[in-house]
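Quick note: residue numbers are just sequence positions, from 1.
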Amino acid sequence: MISSSERELITAIHDAPVKACLVITGAGASAIAALFSLAGASRTVIDAQIPYARAALDRYVGSRAEQHVSASEAADMAVVAYKLAVELSDDDYQGGLVGLSCTAAIATDRMRRGENRAHIAWHDGERTTTYSIVMRKGERDRSGEEAVCRAIILNALGEACNVAPRVPIDLLEGESVDRDCV
């Protein structure tokens, strides 16, 4: 079930002249389902992949990341997704192409060292924009942290498509989404 703000943003994304390849390493995968929950996904999504195991992600990117679940890994993933969008798009397509990625470590059923965090990126052939968040560990369950990832992913895709609606992000005190564009 998607919220009214997600519905508004996804409709705008589907109406934008931009097609995307998405690569999401698990957390944030509900954003793919949300995009497909409304008619028009075929105008937006070229391909969506979920390389969940490290070996699958390393294969997707073509190299082993120096640091998994990092902004640099998200940027590398987005560039590869963009190249795939170029490769898979129709020769006569005149709109924009985007590669969008998410790598995250969120609440799990085992003890995990390190912060609960997510890094989302999009690349359009000219620039790469990344979004990073460190979530307060233990303050949300997995579905709550997944919802944060989904909102950031949808907002990032909205920005890449140059559409205005945004999904509110349920941030806790001390949390922020850091944005960087190169």
Side-chain angles (χ1 to χ4, degrees), residues 6 9-36 38 40-105 117-133 148-167 169 177-182:
E6 288 173 324
L9 176 55
I10 292 167
T11 299
I13 288 169
H14 288 340
D15 289 342
V18 176
K19 291 188 175 204
C21 284
L22 298 93
V23 58
I24 296 174
T25 62
S30 65
I32 295 171
L35 288 168
F36 281 101
L38 294 179
S42 63
R43 292 190 309 267
T44 302
V45 179
I46 298 170
D47 184 63
Q49 296 188 38
I50 305 172
Y52 196 61
R54 279 188 180 181
L57 180 58
D58 291 346
R59 181 174 181 226
Y60 181 87
V61 175
S63 64
R64 170 164 252 145
E66 286 185 34
Q67 172 65 48
H68 284 286
V69 190
S70 65
S72 63
E73 181 177 61
D76 291 345
M77 293 165 59
V79 168
V80 172
Y82 171 78
K83 289 176 182 176
L84 185 60
V86 170
E87 179 184 326
L88 297 177
S89 66
D90 298 328
D91 291 337
D92 60 346
Y93 180 67
Q94 298 297 310
L97 296 171
V98 169
L100 185 134
S101 68
C102 174
T103 179
R117 63 200 185 280
H119 303 278
I120 292 90
W122 62 268
H123 179 78
D124 66 359
E126 294 180 17
R127 66 179 182 231
T128 303
T129 301
T130 59
Y131 311 82
S132 298
I133 183 170
V148 169
C149 292
R150 180 178 64 244
I152 298 169
I153 291 166
L154 292 174
N155 288 341
L157 186 55
E159 181 181 340
C161 292
N162 200 30
V163 297
R166 292 291 181 267
V167 175
I169 304 169
V177 178
D178 297 323
R179 180 183 178 279
D180 188 35
C181 185
V182 293

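- Of the possible polar contacts, one joining the Asp124 side chain to the Arg127 backbone as a donor-acceptor pair under 3.5 Å is found.
- No side-chain N or O of His119 forms a donor-acceptor pair with one of Thr103 less than 3.5 Å apart.
- More than 12 heavy atoms of other shown residues, nucleotides or ligands fall within 6.0 angstrom of atom CZ in Arg179.
- With Asn155 contributing its side chain and Val167 its backbone, the two residues share a donor-acceptor pair below 3.5 Å.
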### Task
List the steps, then state whether side-chain contact (heavy atoms from CB on, under 4.5 Å) holds for Val98 with Tyr82.
CA-CA 5 Å; Val98 169; Tyr82 171 78; 5.7 Å; no
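- Proximity of a side-chain donor or acceptor of Ser101 to a complementary backbone N or O of Ala74 within less than 3.5 Å is detected.
- With sequence neighbours left out, the side chain to side chain donor-acceptor pair (under 3.5 Å) criterion links Asp15 to Arg43.
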### Task
Check the pair Thr44, Ile10 against side-chain contact (heavy atoms from CB on, under 4.5 Å), reporting the backbone distance first and the verdict last.
CA-CA 10 Å; Thr44 302; Ile10 292 167; over 6 Å; no
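- Under a 3.5 Å cut-off, the side chain of Glu73 and the backbone N or O of Val69 do form a donor-acceptor pair.
- For the side chain to side chain donor-acceptor pair (under 3.5 Å) test, no residue two or more places apart in sequence or in another chain qualifies with Asn162.
- Side chain to side chain, Tyr131 and Trp122 meet the donor-acceptor criterion of an N or O pair below 3.5 Å.
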### Message
Would Arg166 and Glu159 count as a salt bridge (Lys or Arg N to Asp or Glu O under 4.0 Å) here? Give the steps.
### Response
CA-CA 9 Å; Arg166 292 291 181 267; Glu159 181 181 340; 5.0 Å; no
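- Side chain of His123 to main chain of Met77: no donor-acceptor pair is present (N/O by atom type, distance under 3.5 Å, no hydrogens or angles).
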### Message
Could you go through Ile152 and Val177, starting from their C-alpha distance and side-chain angles, then the distance that decides it, and tell me whether this counts as side-chain contact (heavy atoms from CB on, under 4.5 Å)?
### Response
CA-CA 8 Å; Ile152 298 169; Val177 178; 3.8 Å; yes
#### Entry: Test log, rule side-chain contact (heavy atoms from CB on, under 4.5 Å), inputs Val182 and Asp180
CA-CA 7 Å; Val182 293; Asp180 188 35; 4.1 Å; yes
